[in-house]
Amino acid sequence: MNVNGEPLPMPYVVTRSCCADASCVLACPVNCIHPAPGEPGFGQTDMLYVDPRTCVDCGACTTACPVDALKPHTKLTEGELPFLEINRAYYDAFPHADRTPMALVPLQRRAETTGLRVAVVGAGPAGLFAADELLRHPGTSVTVYDRLPTPYGLARAGVAPDHQDTKRVTELFRAIEGQPGFSYRLNTRIGHDLHHEDLVRDHHAVVYAVGAATDRRLGIEGEDLPGSASATDFVAWYNGHPDHDGAAHPLDAERAVVVGNGNVALDVARILTAEPDALARTDISDRALAALRASRVRESSSSAGADRPRPPSPCPS
């Protein structure tokens with residue numbers, strides 16, 4: 001509240017659960033977005049929060065945000081207005097002045113980096129953000145390697161096709177690709193086409209930024225029966241991942257059960273019961289779309305018990 005008892009203005013607002021990767025925190029010149037790395041709650045809260053007492057309306061946060069979660073308060077839709085109070089209420093419950101960072105990072109003198117060559121293995125979000133950080137040092141060059149012919153990893157093949165706003169992070173990746181000193185070597189398998197020793201010979205450092213390419217088995221009875229598939233396989237299938245180009249998932253039952261209630265589980269449940277015509281406007285795999293048009297699944301249930309009925313959809317003629 002100000003001296004007249006009126007709510008403080010809030011120039012910028014986080015408007016939904018976000019990636020919480022701290023891009024906006026690092027961009028903010030007045031340290032008004034929390035919890036920040038090293039502070040209690042970072043990586044555990046559903047979203048980050050803008051402090052209305054210290055925001056100076058510079059817009060640096062919204063430029064840095066890869067998923068367009070930050071908006072000026074003047075651009076909020078009616079459905080986004082509650083986020084004004086959500087952001088403000090966070091600081092009522094957790095005043096910034098009372099919080100001490102869990103870890104203090106001392107300032108370090110930047111080393112001489114002219115001529116530094118770094119190999120980054122993995123062209124997904126982790127690899128590209130690592131490349132971006134490395135390229136901030138003058139004179140550094142980075143080559144990003146990936147076994148696939150296309151970059152972006154999970155941002156391309158792991159995000160649900162109807163979440164196009166989340167996939168907008170690729171716009172940030174294209175900005176990273178355009179920096180001097182950046183280059184790709186795609187369709188290159190480390191350990192087959194090139195080996196670790198080759199990378200060490202040609203670079204001063206090697207960064208491995210690869211994720212798990214296979215699923216983790218649950219070890220339960222019936223896991224390997226026909227009709228049972230891991231989310232890793234199913235998500236890759238409907239996103240057109242080349243490793244799963246020939247996969248086929250039977251969709252001839254009226255009810256599907258999804259084990260888990262995290263974001264990927266809910267993505268799977270939603271795609272199974274979404275209107276095919278709506279999915280056709282996304283970048284979903286053509287083969288997956290054809291299978292979903294012919295699908296008999298009308299209801300999907302997660303371990304949280306959420307049922308999502310779908311009206312019958314026509315089979316392709």
Quick one: does H163's side chain get under 4.5 Å of R270's, heavy atoms only?
yes
In short, salt bridge (Lys or Arg N to Asp or Glu O under 4.0 Å) pairs touching residues 142-161 with sequence neighbours left out are R147-D243
Would the number of heavy atoms belonging to other residues, nucleotides or ligands and lying under 6.0 Å from CG of D286 be above 12?
no
What's in the same ILVMFWY side-chain cluster as L225, cut-off under 4.5 Å, chained through other members?
none
I need the minimum non-hydrogen distance between T170 and Y152, along with the two atoms involved.
CG2-CD1, 3.6 Å
Looking at P161 and T282, what are the two nearest heavy atoms and their distance?
O-CB, 3.2 Å
Could you tell me whether a side-chain N or O of S230 sits under 3.5 Å from a main-chain N or O of D233, the two making a donor and an acceptor?
yes
Using a 3.5 Å distance criterion without hydrogens, assess whether the side chain of T62 forms a donor-acceptor pair with backbone atoms of L70.
yes
Please identify each residue that fulfils salt bridge (Lys or Arg N to Asp or Glu O under 4.0 Å) with D224, with sequence neighbours left out.
R217
Between side-chain atoms of residues 115-129 and protein atoms elsewhere (two or more places apart, or another chain), which donor-acceptor pairs fall under 3.5 Å?
| unit_1 | atom_1 | unit_2 | atom_2 | d |
| --- | --- | --- | --- | --- |
| R117 | NE | D202 | O | 3.0 |

Once salt bridge (Lys or Arg N to Asp or Glu O under 4.0 Å) is applied, what residue pairs with a partner in residues 178-187 remain, sequence neighbours excluded?
none
Can you tell me which residue pairs pass the ring-ring contact (aromatic ring centres under 6.0 Å, His included) test with a partner in residues 243-295, sequence neighbours excluded?
F234-H249, W237-H249, H241-H244
For A130, does its backbone N or O pair with a side-chain atom of E133 as donor and acceptor, under 3.5 Å?
no
Close side-chain approach of I33 and Y49, heavy atoms under 4.5 Å
no
Give a yes or no answer on whether the side chain of E80 reaches the backbone of T77 with a donor-acceptor pair at less than 3.5 Å.
yes
